[in-house]
Amino acid sequence: MAKKGLFYKTKAEVELIRESSLLVGKALAEVAKVIKPGVTTLSLDKVAYEFIQDNNAVPAFLNYNGFPNSLCISVNEAVVHGIPGKYELKDGDIVSVDCGVVKNKFFGDSAYTFAIGEVKPEVLHLLKITKDSLYKGIEMSIVGKRVGDVANAVQTLAEAYGYGVVRELVGHGIGQSLHEEPEVPNYGKRGSGLVLLEGLVIAIEPMINMGTKAVSHESDGWTIVTKDRLPSAHFEHTVAIGKEKADILSSFEYIEEALKRNKEMV
Ligand code: MG
Ligand code: MG
């Protein structure tokens, strides 16, 4: 997808991106409240759509290049860009839910992979390492580091466990457009690429496969799946480059709080 230019944000603009990104975290928490075996992915989409509307924002993915829904929901071997539909979640599934909103002209973007019921330990491990790799990338999101340092940090952790790092899809700058420069790959060389400076806001989104890194397109024109059909995980935060520490503008706290309560009810 064509990326718009490279834009450095003012502090006030970063706060607007934070507002949008936190709203994404809360929308994903609404999904977390109801996600369980037997629910359809389309019903999750409806929950997020209504929540975003109720909060005076617009779902960023809806109609984006013709995408038909508010969430990308990608189950098991689906990596990203899954279309919500009639599929009923079942025990043992993993489900990447990716959400974006635009509010006050600024976008927020975040994704979380949920475990449904009893998931195999080796698949839970993939989820853990994918999330950890995101935070490794975030640790590198400071002034003076380069895009390649972020990318390499993600790749190094994931590959240490023999996982496949998807090449075809990457993170991105974010602001008044959903996808801005720079591209933020999940693989690369340390010390390469754009130098990170204050005002830059990026979405880091490792897509990590249990097996091969190779992916293919499903016939629906959207869904990306692993070539070997083994599971894939995806976590994403919107992050502002900081002087000593990255500023994570999105949040998993609402999601993880909701998941705790959801599990207590089972
Ligand atoms: Mg996303
Ligand atoms: Mg993104």
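Remember, it's 1-based here, ligands and their atoms both numbered in the order they're listed. Atoms considered below: every heavy atom in the structure, side chains included; atoms not considered: hydrogens, waters and symmetry mates.
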Open item on the list: Within the 4.5 Å heavy-atom criterion, are N69 and I83 side-chain neighbours or not?
Closed with: yes

Task: the Mg ion (ligand 1) - name of the N/O/S atom of D98 that sits closest to it - done: OD1

Task: Atom name in E205, limited to N/O/S, at shortest distance from the Mg ion (ligand 2) - done: OE2

Open item on the list: If we count only N and O atoms by modelled type, under 3.5 Å, do the side chains of Y87 and D93 hold a donor and an acceptor together?
Closed with: yes

TODO: Taking atom types as modelled, find out whether E159 and Y187 have a side-chain donor-acceptor pair closer than 3.5 angstrom.
DONE: no

TODO: Would you check if the distance from the ring center of F107 to the ring center of H172 is below 6.0 Å?
DONE: no

Open item on the list: Quick check: of its N, O or S atoms, which one does E236 have closest to the Mg ion (ligand 2)?
Closed with: OE2

- [ ] State the atom name: nearest N, O or S atom of D109 to the Mg ion (ligand 2).
- [x] OD2

Open item on the list: Is the ring pair F114/Y112 parallel, tilted or perpendicular, if the boundaries are 30 and 60 degrees?
Closed with: tilted

Task: the Mg ion (ligand 2) contact by H172, N, O or S atom under 2.8 Å - done: yes

